[in-house]
Amino acid sequence: MATSFDYWNDCVDVQDMEAMWQEPEVSTEWLDAGETKGNKVHLSRDPDGEPYLTQTEMKAVADIIVRRHFDSQIQPDMICAIAELASDRQPLSTRWYDKKTKETALGIMQILPKTAEWLLRDLGYQAYEVEGDPDILYRPFVSVYFGAAYIKWLSKFEEEERSEEFVVRAYNGGTAKATHKSTLQYWKRYLAVKESLPSRRFVDEGPSVNNAAHSSTAQAAPATQNTNAPSSEKTGVDYIYWDSKSSPEEMQEMWSRSEVAKEWTKSGEKRGKVRFSHDKDRKPYLSRVEMKAVAEIILSKHFSTRGVKPSVLCALAEMVSMRFVNGVGPRIGLMGIDYSTAFWLYMELGYRAYRVDSAGDLTKPFVSMYFGAAYLAWLSEYEGRERTPQFVVPAYLSGPKNVNHQETGPLWLKFEQALSNYEDMKRDPGNCTIL
């Protein structure tokens with residue numbers, strides 16, 4: 001496949017690019033990620049380096065296409081859920097192969113070129129010229145347009161008003177299998193995905209977990225909790241509380257740890273109303289004592305057989321978020337795990353101890369730590385091979401496709417420095433057995 005996209009501008013025309021900027025959620029997401037109008041906008045990348053649309057972008061494309069070409073007669077959420085199942089929202093996806101015609105389905109909606117040509121030629125869907133140029137189906141707006149056209153045709157198959165279940169199952173297996181047991185599981189997965197769609201309740205944060213230590217605007221959180229923090233009654237500051245972002249069981253486990261209880265008691269905290277520490281800009285953060293406690297609790301409860309050290313997760317959090325509860329820049333939460341990655345870990349890999357209904361859930365320390373540990377566990381066996389820490393750490397920070405196998409890069413050196421805050425590196429010089 002010769003087609004490749006680095007930027008949104010590579011796969012949409014000027015009109016569609018302007019329409020995307022006009023979507024408030026998209027413009028907010030792009031500006032928060034450092035994109036600027038008038039310049040090229042980067043496509044997000046998944047852990048394997050493949051470009052994909054965030055859920056915010058996917059919803060916007062579906063909305064625009066449905067408004068522009070289908071008089072809002074198709075549910076955008078149906079398009080988004082099918083795209084999630086068909087391609088993981090990857091515009092360059094080529095997952096499905098038709099053994100009879102020897103054709104490969106293309107793009108976000110996994111449309112066969114012959115299907116797109118039939119929709120254009122016989123049903124009059126001529127907004128995009130696909131005949132003689134099948135690679136145009138890699139373009140998000142084109143793929144969604146023909147996917148929506150096919151959905152509309154299925155909804156009136158044989159001039160009957162068809163149910164959503166019929167349409168979805170027929171989209172997956174063809175009209176002959178719309179009621180066959182072979183497509184039932186697909187329908188169930190579709191319902192689960194559709195139910196979990198954010199419906200614009202939040203702004204998706206992008207695919208990779210990057211190094212927040214590169215940020216020039218972020219100021220590192222202090223190493224310990226602010227033991228002299230005055231009360232909100234005296235300062236007028238609205239403090240963020242641990243209890244608002246943790247379950248009662250999690251709070252009990254935190255209080256049961258002597259180091260945490262000592263730190264909280266010393267700073268005047270009381271059960272049921274424990275403040276996060278806040279920096280001078282009123283941003284909440286975890287002390288290192290709190291950070292290590294959260295890591296230990298998550299690992300002991302959910303990853304006891306994986307052999308991951310709490311200090312490793314803590315060091316990664318230092319680099320990714322500087323221990324700020326809400327993350328740094330576009331990287332959300334302590335561990336910098338974005339919603340789409342957490343959703344993938346939840347749906348595809350079965351990490352379901354915590355449910356994530358929105359990106360806001362990932363600002364909860366235990367939730368972020370859980371999915372950070374899950375992502376680290378996946379990377380440790382990336383592509384079915386046991387991976388070294390020198391691979392896993394840079395892969396966590398920059399994506400597995402961006403790891404240089406020939407040299408120890410600056411990310412590893414920064415990690416070792418962060419790790420020294422949590423364990424004595426001098427005890428075992430040269431030993432890299434951290435996972």
Participant: Quick one about Thr363 and Lys245 (side-chain donor to acceptor, distance below 3.5 Å, no hydrogens or angles considered), yes or no?
Facilitator: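 Lys245 vs Thr363: donor-acceptor pair found between side chains.
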Participant: With a 6.0 Å cut-off (strictly less than), is the heavy-atom count around CD of Gln417, excluding the residue itself, greater than 12?
Facilitator: no
Participant: Under 6.0 Å between ring centres, would you say that holds for Phe276 and Tyr241?
Facilitator: no
Participant: Classify the ring geometry of Tyr190 against Trp187: parallel below 30°, tilted from 30° to 60°, perpendicular beyond 60°.
Facilitator: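 Parallel, since the angle between the ring planes stays under 30°.
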Participant: Going through the distances and angles, do Lys177 and Asn172 end up as a side-chain contact (heavy atoms from CB on, under 4.5 Å)?
Facilitator: CA-CA 9 Å; Lys177 294 185 178 179; Asn172 171 244; over 6 Å; no
Participant: Determine whether Leu286 and Ser277 make a side-chain contact, defined as any pair of heavy atoms from C-beta on separated by less than 4.5 Å.
Facilitator: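 Not in contact.
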Participant: Determine, using ring centers only, whether Tyr171 and Tyr150 are less than 6.0 Å apart.
Facilitator: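 Yes; Tyr171 has its ring centre under 6.0 Å from that of Tyr150.
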Participant: Is there a donor in the side chain of Glu263 and an acceptor in the side chain of Ser287, or the other way round, less than 3.5 Å apart?
Facilitator: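 There is such a pair between these side chains.
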Participant: Which label fits Trp264 and Trp242: parallel for a plane angle under 30°, tilted from 30 to 60°, or perpendicular past 60°?
Facilitator: tilted
Participant: Tell me whether Glu253 is salt-bridged to Arg257, with the criterion being a basic N under 4.0 Å from an acidic carboxylate O.
Facilitator: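 No salt bridge links Glu253 with Arg257.
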Participant: Please assess Tyr285 against Phe324 for the test side-chain contact (heavy atoms from CB on, under 4.5 Å), listing each intermediate value before the final yes or no.
Facilitator: CA-CA 4 Å; Tyr285 67 90; Phe324 285 112; 3.7 Å; yes
Participant: Are a donor atom and an acceptor atom from the side chains of Thr56 and Glu29 found within less than 3.5 Å of each other?
Facilitator: yes
Participant: Salt bridge check: are Glu318 and Arg288 linked by an N-O gap of less than 4.0 Å?
Facilitator: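 Salt bridge: yes.
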Participant: Does the pair Arg387 and Glu381 meet the rule for a side-chain contact (heavy atoms from CB on, under 4.5 Å), with working shown?
Facilitator: CA-CA 6 Å; Arg387 299 290 182 164; Glu381 298 176 353; over 6 Å; no
Participant: Within the distance-only criterion (no hydrogens, no angle test), does the side chain of His302 pair as donor or acceptor with the backbone N or O of Ile297 below 3.5 angstrom?
Facilitator: no
Participant: Go through Lys194 and Glu84 one step at a time and tell me if the salt bridge (Lys or Arg N to Asp or Glu O under 4.0 Å) criterion holds.
Facilitator: CA-CA 9 Å; Lys194 187 181 177 186; Glu84 195 87 40; over 6 Å; no
Participant: Parallel, tilted or perpendicular: which describes the rings of Trp30 and Trp8, with under 30° parallel and over 60° perpendicular?
Facilitator: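 The rings of Trp30 and Trp8 sit tilted, inter-plane angle from 30° to 60°.
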Participant: Atom CG of Leu43 and atom CG of Leu53: how far apart are they, to the nearest 0.5 Å?
Facilitator: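 These two atoms lie 6.5 Å from each other.
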Participant: Less than 6.0 angstrom separating the ring centers of Tyr354 and Tyr370, yes or no?
Facilitator: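 Yes, ring centres under 6.0 Å apart.
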Participant: Taking the basic N atoms (NZ, or NE/NH1/NH2) and the acidic carboxylate oxygens, is any pair closer than 4.0 Å for Asp88 and Arg95?
Facilitator: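 Judged by the 4.0 Å cut-off on N to carboxylate O distance, Asp88 and Arg95 do form a salt bridge.
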Participant: Is it true that the side chains of Tyr339 and Thr54 contain a donor and an acceptor less than 3.5 Å apart?
Facilitator: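 The answer is no; no qualifying pair exists.
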Participant: Decide yes or no on salt bridge (Lys or Arg N to Asp or Glu O under 4.0 Å) for Lys273 and Glu269, but give the supporting numbers first.
Facilitator: CA-CA 7 Å; Lys273 202 171 185 181; Glu269 307 306 326; over 6 Å; no
Participant: Indicate, with yes or no, if the rings of Tyr138 and Phe5 have centres closer together than 6.0 Å.
Facilitator: no
Participant: Set out, in order, the CA-CA distance, both residues' side-chain angles and the distance that settles side-chain contact (heavy atoms from CB on, under 4.5 Å) for Leu376 and Phe371, then state yes or no.
Facilitator: CA-CA 8 Å; Leu376 193 71; Phe371 285 106; over 6 Å; no
Participant: Using a strict 4.0 Å threshold on nitrogen-to-oxygen distance, state whether Arg45 and Asp6 make a salt bridge.
Facilitator: yes
Participant: In terms of heavy-atom contacts, does NZ of Lys37 have more than 12 from other residues, nucleotides or ligands at under 6.0 Å?
Facilitator: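 Yes - once you tally the heavy atoms of other residues, nucleotides and ligands closer than 6.0 Å, there are more than 12.
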Participant: Would you say the side-chain atoms of Gln185 pair up with the backbone N or O of Ser182, donor to acceptor, closer than 3.5 Å?
Facilitator: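 Answer holds: no.
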Participant: Salt-bridge test for Lys301 and Glu249: reply yes if a basic N is under 4.0 Å from a carboxylate O, no otherwise.
Facilitator: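 Result for this pair is no, no salt bridge flagged.
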Participant: May I ask you to decide if Val12's main-chain N or O and Asp16's side chain share a donor-acceptor pair within less than 3.5 Å?
Facilitator: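 No, Asp16 side chain to Val12 backbone: no donor-acceptor pair under 3.5 Å.
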Participant: Is a side-chain donor or acceptor of Ser321 paired with a backbone partner of Gly327 at a separation under 3.5 angstrom?
Facilitator: no
Participant: In plain terms, say whether Lys270 and Asp243 are close enough for a salt bridge, that is, a side-chain N and a carboxylate O under 4.0 Å apart.
Facilitator: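 Salt bridge absent between Lys270 and Asp243.
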Participant: Does Leu345 offer a backbone N or O that forms a donor-acceptor pair with the side chain of Glu348 under 3.5 Å?
Facilitator: no
Participant: Might you confirm whether atom CD of Glu386 has over 12 heavy atoms from other residues, nucleotides or ligands at distances under 6.0 Å?
Facilitator: no
Participant: Tell me if a side-chain donor or acceptor on Asn9 pairs with a main-chain N or O of Val41 at a distance below 3.5 Å.
Facilitator: yes
